[in-house]
Structure formats: C-alpha cells, structure tokens
Amino acid sequence: MDNIEIQKIRNIGIVAHIDAGKTTTSERILFFTGMTHKIGEVHNGQAVMDFMKQEQERGITITSAAITTEWKDHQINLIDTPGHIDFTVEVERSLRVLDGIVMVFCAVGGVEPQSETVWHQADNYKVPRIAFINKMDRAGADYFQTINMMNEMLGANAVAFQLPIGDEADFNGIIDLITMKAYSYRELDMFESEIPSNLLPKAQKLREQMIEKLADFDENLMEKFINGIAISEPDIRNAARYAVLNLCVTPVFCGSAFKNKGIRLLLDAIVDYLPSPVDRGIITGRDANNPEVIISRKPHISEPLTALAFKITNDAYVGQQTFVRVYSGELHSGSYIFNSTKQKRERVGRILRIRADERTEITSLKAGDIGALIGMKLTTTGDTLCNENDTILLENIRYPETVLDMKIEPLAIKERDRLGIALSRLALEDPSFKVRFADETEETIISGMGELHLEIIADRLKNEHKLDVNVGKPAVAFRETITREAEHTYRYKKQTGGKGQFAQIAFRLEPNPGKGIEFVDRVKGGNIPREFIPAVEKGFREIVEKGLLAGYPMVDIKFVLFDGAYHPVDSSEMAFRMCTILGMKEIINKTAPQLLEPIMKIEINTPDEYMGDAIGDINRRRGKIENMRRHRKGSQKLNGTVPLMEMFGYASALRTISSGRAAFSMEFLHYTPLPKSIEESIIEERRKKKAERD
C-alpha cells in the first residue's frame with residue numbers, strides 16, 4: 001500500500017447529520033474492501049470505527065476515526081466524523097486535511113441542521129464532494145425530495161447519477177445512469193442485469209438530464225450532446241470528475257448501508273470522482289521566519305517536507321499519537337523534523353498506519369498520505385511540521401468558542417494533581433475543550449460545546465483516567481470584552497530593603513471585534529529591554545484568561561505596548577508581569593467593559609398545529625424565529641436564534657407543547673452583548689459570592 005502512486009490515494013471523510021448512517025456506511029466500506037471480515041454494527045456497540053467506550057454505549061460517533069483501506073488498486077484513507085453538533089471541531093479539523101468527502105443524507109430526514117453546518121464547513125475549505133442518500137428502505141424515504149432539498153437549502157447543484165428501484169420497504173436495487181445497468185441485491189451479493197422495462201423511460205430521461213448538466217462544464221461533452229453524437233461512459237466520467245473537482249456539481253448516489261445496498265457502487269464513485277492529492281494541487285503557506293513571504297509546495301516526494309498535525313489522541317498502549325497529513329516530501333521514522341509553529345525540533349519515534357483502534361508500524365509517510373506519529377512531545381493540533389532548512393507555516397485550524405462552563409473537583413483532595421494532568425491531556429486532544437482555574441473561587445472550571453460534550457469529558461475521566469469527580473451544573477460561558485479605546489501608563493515600584501522591583505509600561509487597549517486576542521509590541525529605542533516584552537504579554541494574557549468585570553475570559557481585545565521604562569538593577573520579568581496585571585486592572589473601567597452571551601442558531605421541526613405555541617415559547621425566551629419552510633406534509637421547519645441561557649430545560653418544554661411530536665437542534669452562532677439589566681444582575685451576583693467568600 002505504501003508504494004501506491006500519489007494519484008491513486010484518496011483522503012476522504014464521511015460526514016453528515018447525526019443518525020444519517022455515517023458509521024454504518026464506513027463499516028460497510030471496510031467490509032467490502034476486505035479490511036474487516038465481519039460487519040460491525042453501531043446498535044450493538046461493535047462498530048470498528050466507534051472504538052471508544054462512550055461511543056459504543058451511546059451508539060454515536062464522538063471522535064473522528066482514521067483508517068486506511070484499498071479499493072481497485074487505490075489507497076483510501078477514510079475518516080468517519082461525528083454528526084453531533086457538540087463535536088463539530090472533529091469535523092472542522094478533519095476537513096482541513098481531507099481532499100474529498102462523501103456527504104451522507106438520510107432519505108427520510110433529508111437535509112437536516114448539521115447537514116447544513118458541515119456542508120458550509122466543506123465550502124470554507126473548498127472540499128469536493130459526492131452525496132450518498134442512505135436509508136432508502138425506510139418508511140418515508142424520498143430520493144428526489146432529498147435532492148430537491150440539497151439544491152434549495154445548500155445550493156449543491158445536485159445531479160442524480162443513480163435511480164433507485166423501488167422505495168421504502170420495496171427498495172431492492174439501483175440503476176446506474178452511466179452504464180445503464182441495473183443492480184439488485186441478495187444479502188451480501190450484488191447482481192447486474194438489464195434495466196426493467198417499466199423504469200427504462202425514466203432512466204433514459206434522468207441520464208439525459210445528467211449529461212446536459214455535465215455538458216455545461218465540458219466542451220467535448222457539449223459538442224457531442226448538441227450534435228447527437230454517441231456519448232461514451234469515459235466521456236461522462238471525465239466530465240463528471242472535472243465538475244466535481246471544481247465544485248460545479250454534486251453527484252448523488254443512493255442505497256441502504258445497513259442492508260449492504262449501494263456501497264460497492266459508492267466505492268467506485270469515490271475512486272472515479274473524488275480527488276487525489278495531485279488533483280488538489282499546490283499547497284501554500286508562509287515562510288516561518290518571514291510571514292510576508294508566501295511559499296508554495298507541490299504534492300510530490302521530491303519537494304521539501306510539509307505536514308500538518310490535525311489530531312492528537314492518547315493510547316494506553318503506545319502513548320500519545322499525533323495524526324498528520326503529509327502534503328509534500330517524505331517523513332521517516334527516527335528522523336528529526338522542525339515544528340515551525342513552535343520553532344522547535346522534534347524527533348519522530350515511530351510511524352503507524354491506523355486501522356481505527358489497531359496499528360501497523362511503517363517506515364515512512366509520503367506526500368499525500370495520512371498516518372500517526374509516536375514520540376512527539378511538543379506538537380499540538382494545528383502545528384506545521386517541516387525541514388529545519390526549508391521552513392513553512394501552514395494556516396492553523398479554526399476552533400469554535402465554548403458555550404458551557406462546569407465546575408469540577410476530585411472526590412479526594414489527594415487526587416487534585418492527577419485531575420489536573422488528566423484534564424490537560426484531554427484539552428490537548430480536544431481543542432474545543434478548555435480548562436481554567438478561578439483564583440477567586442479556587443475552583444477548576446471546564447468549558448465545552450454543550451452538555452453532551454462535558455458529560456463525555458466527565459465519563460472519560462472516570463473510565464480512562466480512573467478518577468472519581470464531582471461536577472456542578474452546566475452554566476452559560478459568558479465572555480467579557482471592551483467597547484472603548486483607552487491609553488494608560490502604570491508604574492510598578494517596590495522597595496523592601498535590598499533589591500527592589502521596578503517596571504513601567506505605557507499601553508493602549510483597543511476593541512478588536514472578530515479578531516480575537518492580540519498583543520502588539522511597538523516599543524522603540526530600547527525603553528523596555530527585549531527580554532522583558534514576553535513578560536508583559538504573559539501578564540496581559542493572564543488577565544484575559546481570568547477577566548476583570550465578572551471573572552469570565554475576555555475576547556476580541558488588542559493590547560498595544562508603545563513605551564515604558566526600566567531600572568538596570570531592580571527590573572525583572574516578574575516586575576513587568578505584575579506591572580501589566582495591575583495596569584490592566586486600573587484601565588479596565590475606562591474601556592467601557594461589557595458581558596457577552598452565546599447566541600444559538602435553533603431549528604425546530606414541528607407539526608403545523610403546534611407551530612404557534614412553539615414560536616410563542618421561543619419569543620418568551622428572548623429568541624426570534626427568522627424563517628419557516630415546509631418540511632414534510634403537515635409539518636414545518638422553524639429557523640431562528642435564541643440566547644443559550646434561556647434554553648435550559650427546553651427539551652422538556654417542547655415535548656409538553658407538542659405532545660412529544662416536535663424536535664429541535666441547536667448550534668453556536670456568535671456572542672452578543674447581554675441586555676444591561678441582566679448584565680448588572682450577573683455582576684452583582686458574582687460580587688455577592690465574592691463578598692461571602694471573603
């Protein structure tokens with residue numbers, strides 16, 4: 001497998017809304033490619049791709065699993081991603097390194113909320129994709145309705161490449177519109193035959209529509225189509241491949257993964273239409289020593305090494321595994337490489353080919369490949385790995401903001417250090433999980449993407465790290481920011497006999513909307529020695545983590561250091577750090593600080609008769625329904641926004657309103673200022689608690 005040419009590598013992901021059948025589809029791919037000899041099922045906890053205990057118990061995917069398999073002389077590096085919104089970071093970092101995706105839709109549910117989220121994530125990374133409409137054997141399955149939803153809701157330019165034979169309980173085969181052959185199934189066997197006469201006219205019409213759509217992107221096909229010249233299968237496949245690689249169309253395939261129908265044809269489509277690393281072309285980054293210089297690397301082993309670490313896991317047997325995608329060059333076990341993000345050398349101990357939770361040791365990873373490195377001590381998610389003499393810095397991976405906080409403590413005081421180590425490891429694995437220590441309350445606070453996310457963290461502490469913990473109730477993760485620019489000069493001076501402490505800084509705080517936390521050094525003339533600048537930044541970031549208004553982390557602030565003074569004897573790193581912390585505390589009221597709350601995007605599926613009650617309830621929660629559309633006959637999809645702090649207990653409320661017939665899903669949208677009255681009450685409550693502790 002390691003000798004397969006780069007043109008025959010497919011780095012693909014299986015992505016979809018929760019419960020659309022991603023993992024079942026992945027399991028069938030492993031079985032039909034010969035990677036497994038027994039089909040693992042999600043519902044009985046035996047899926048190869050869901051190897052974590054928490055995944056097997058809940059029947060959902062929590063962490064993306066990578067596996068390498070082979071189909072028709074092509075190497076397929078397959079990543080099965082989670083569908084639950086709490087684990088959307090797993091999809092984000094997988095899309096960052098994938099060349100193509102198979103978007104799975106449920107034939108009954110069609111385009112669902114998380115389908116839209118991952119589709120737009122793929123748009124951001126310009127990832128080519130094909131679609132697989134699964135569960136064609138389920139009651140309510142509608143192939144063409146799902147295609148219409150893809151076009152209306154996603155702008156997918158979806159084109160049917162197959163026609164199902166029957167639907168719902170009568171679904172028993174597939175017509176391939178390129179070969180114009182019918183395929184029927186009996187257990188694990190697939191049989192090819194001629195198209196049934198009653199379906200031939202419809203198949204011919206759909207084939208003509210498919211060719212007409214593809215002809216828009218291929219002059220050769222257009223000329224033959226217009227002039228009535230016979231069009232061959234290679235003509236169609238070549239045009240389809242070009243259209244997919246250039247994000248012009250989304251070919252649509254169908255089947256029932258659970259019943260083993262359509263998977264082999266889907267594998268053919270992966271090989272035929274999704275890109276190789278060569279098709280994705282040149283990758284660009286910046287010179288690690290001069291960020292203004294853009295560097296390009298071709299996907300070839302003759303180029304200098306360029307790789308991106310996109311995932312870290314801790315394994316009980318081999319320790320920390322760092323998953324990497326190699327874009328150019330070759331990475332050898334036992335070699336030294338350069339982490340250009342951290343500006344440090346690392347030694348690659350071993351390289352593993354991953355088969356979900358099993359591993360095979362290999363000697364190297366070549367351009368275009370994906371594997372796991374053992375022995376990396378400094379590398380974290382998003383870091384670039386390269387040669388020390390040919391440095392490059394790739395764009396890092398974006399992570400969503402956390403929206404829920406939860407207090408956590410060990411049952412036994414003596415386990416506090418172990419808890420700290422375990423939480424650090426989990427945070428290293430999952431960049432969407434944050435840990436901080438609140439000095440005021442002396443509490444450890446963990447932050448995540450939702451209640452399920454934090455529940456899984458607590459469960460992993462118990463099962464993987466053998467720690468019993470007490471957890472508090474989930475609370476909204478507010479944020480602090482500033483709305484006004486202000487300048488300040490602060491002098492820190494202490495004389496206690498002997499060597500004193502002295503530092504002085506002049507700085508400016510600026511609102512930095514949408515750009516995060518930024519530290520800018522504009523000191524000129526050596527008024528602050530270079531060795532003390534990092535101490536100023538450290539003090540600033542300490543305050544940002546703890547907050548100044550109500551003890552919540554701060555966001556979207558720029559700190560500009562432009563002047564200062566030092567003493568040749570009394571100045572130190574500690575003095576400049578303390579000077580910054582105390583200076584920040586003095587300036588904060590000049591900047592008009594405010595609290596921000598997380599706003600969620602919500603989608604509610606409700607029968608028509610409960611629509612008014614559902615809208616009224618959202619309005620009472622300070623939410624707003626922005627649009628509605630017909631979902632199925634007799635039901636509506638309501639889309640809107642609502643503050644997270646108003647949504648605790650909403651699942652029970654919606655069940656009561658709709659007699660258990662409505663459902664909803666939420667995902668984080670953005671942070672926005674709290675209403676003044678609510679902000680004041682939260683700040684007052686925090687002050688009272690502080691006074692009680694004091």
Side-chain angles (χ1 to χ4, degrees), residues 17-19 60 82-92 111-121 124 153 398-406 430 432-434 446-457 473-481 513-514 552-553 555-556 594-606 611 613-629 631 636-658 662-675 678-679 682:
H17 183 87
I18 191 169
D19 205 33
I60 62 170
H84 197 285
I85 191 64
D86 281 13
F87 309 106
T88 189
V89 70
E90 290 287 340
V91 182
E92 186 80 26
V111 176
E112 297 176 278
Q114 186 67 354
S115 308
E116 295 185 68
T117 300
V118 296
W119 186 274
H120 296 315
Q121 284 176 306
N124 291 337
M153 298 167 64
R398 298 184 293 268
Y399 306 115
E401 286 283 346
T402 56
V403 295
L404 278 185
D405 290 345
M406 195 164 72
D430 181 359
S432 67
F433 169 64
K434 302 286 191 300
I446 60 175
S447 304
M449 299 303 299
E451 292 184 68
L452 179 62
H453 189 192
L454 295 180
E455 179 189 322
I456 295 295
I457 292 293
K473 290 183 179 178
V476 174
F478 296 108
R479 293 289 181 265
E480 300 179 14
T481 194
Y552 294 105
V555 295
D556 295 342
Q594 66 180 190
L595 281 184
L596 306 176
E597 65 173 335
I599 299 296
M600 311 300 285
K601 185 166 71 173
I602 187 168
E603 180 168 291
I604 305 166
N605 295 339
T606 177
M611 187 173 68
D613 291 336
I615 293 174
D617 186 61
I618 288 295
N619 290 339
R620 284 190 291 274
R621 296 171 185 269
R622 295 193 289 124
K624 181 181 178 183
I625 296 299
E626 296 172 340
N627 62 67
M628 59 187 75
R629 61 176 178 266
H631 177 46
Q636 296 277 351
K637 272 192 176 183
L638 310 177
N639 293 91
T641 58
V642 63
L644 177 61
M645 70 179 297
E646 306 290 348
M647 294 303 286
F648 290 103
Y650 180 68
S652 298
L654 185 62
R655 276 197 299 270
T656 301
I657 288 170
S658 66
F664 79 102
S665 66
M666 286 194 311
E667 64 176 290
F668 172 71
L669 185 61
H670 56 72
Y671 272 92
T672 195
L674 268 166
I678 298 177
E679 179 186 73
I682 289 172

Starting at [atom1] of [X], measure out to [atom2] of [Y] and round the result to the nearest 0.5 Å.
| X | Y | atom1 | atom2 | value |
| --- | --- | --- | --- | --- |
| Leu595 | Tyr671 | CG | OH | 11.0 Å |
| Asn124 | His120 | CG | NE2 | 9.0 Å |
| His670 | Glu597 | NE2 | CD | 10.0 Å |
| Thr402 | Leu454 | OG1 | CG | 9.0 Å |
| Leu404 | Lys473 | CG | NZ | 14.0 Å |
| Gln636 | Arg629 | CD | CZ | 10.0 Å |

Smallest separation among heavy atoms of Gly623 and Asn619, with atom names: O-OD1, 3.5 Å
Closest non-hydrogen atom pair, Pro598 against Ala477: CD-O, 3.9 Å
Donor-acceptor contact below 3.5 Å, side chain Asp405 vs main chain Ser447: no
Check: Ala662 main-chain N/O paired with Thr606 side-chain donor or acceptor under 3.5 Å: no
Test log, rule side-chain contact (heavy atoms from CB on, under 4.5 Å), inputs Met406 and Ile457: CA-CA 11 Å; Met406 195 164 72; Ile457 292 293; over 6 Å; no
Applying side-chain hydrogen bond (donor to acceptor under 3.5 Å, both in side chains), can you list everything that pairs with [X], at least two apart in sequence or on another chain?
| X | answer |
| --- | --- |
| Ser665 | none |
| Asp617 | Arg621 |
| Glu603 | Lys637, Asn639 |
| Ser658 | none |

Partners passing ring pair (Phe, Tyr, Trp, His ring centres under 6.0 Å) against Phe433 (at least two apart in sequence or in another chain): none
Side-chain touch Ile604/Met628, heavy atoms, less than 4.5 angstrom: no
Side chain proximity check, Gln594 to Leu674, heavy atoms < 4.5 angstrom: no
Taking only distance into account, with no hydrogens and no angle test, what donor-acceptor pairs under 3.5 Å do side-chain atoms of residues 644-652 form with protein atoms, sequence neighbours excluded?
residue : atom : partner : partner atom : Å
Glu646  : OE2  : Arg622  : NE           : 3.0
Glu646  : OE2  : Arg622  : NH2          : 3.2
Ser652  : OG   : Arg655  : NH2          : 3.3

For Ile602, the option from Leu638, Leu669, Val642 that meets side-chain contact (heavy atoms from CB on, under 4.5 Å): Val642
Criterion side-chain contact (heavy atoms from CB on, under 4.5 Å) on Asp430 and His453, from CA distance to verdict: CA-CA 10 Å; Asp430 181 359; His453 189 192; 2.7 Å; yes
side-chain contact (heavy atoms from CB on, under 4.5 Å) evaluation trace for Thr641 with Met600: CA-CA 6 Å; Thr641 58; Met600 311 300 285; over 6 Å; no
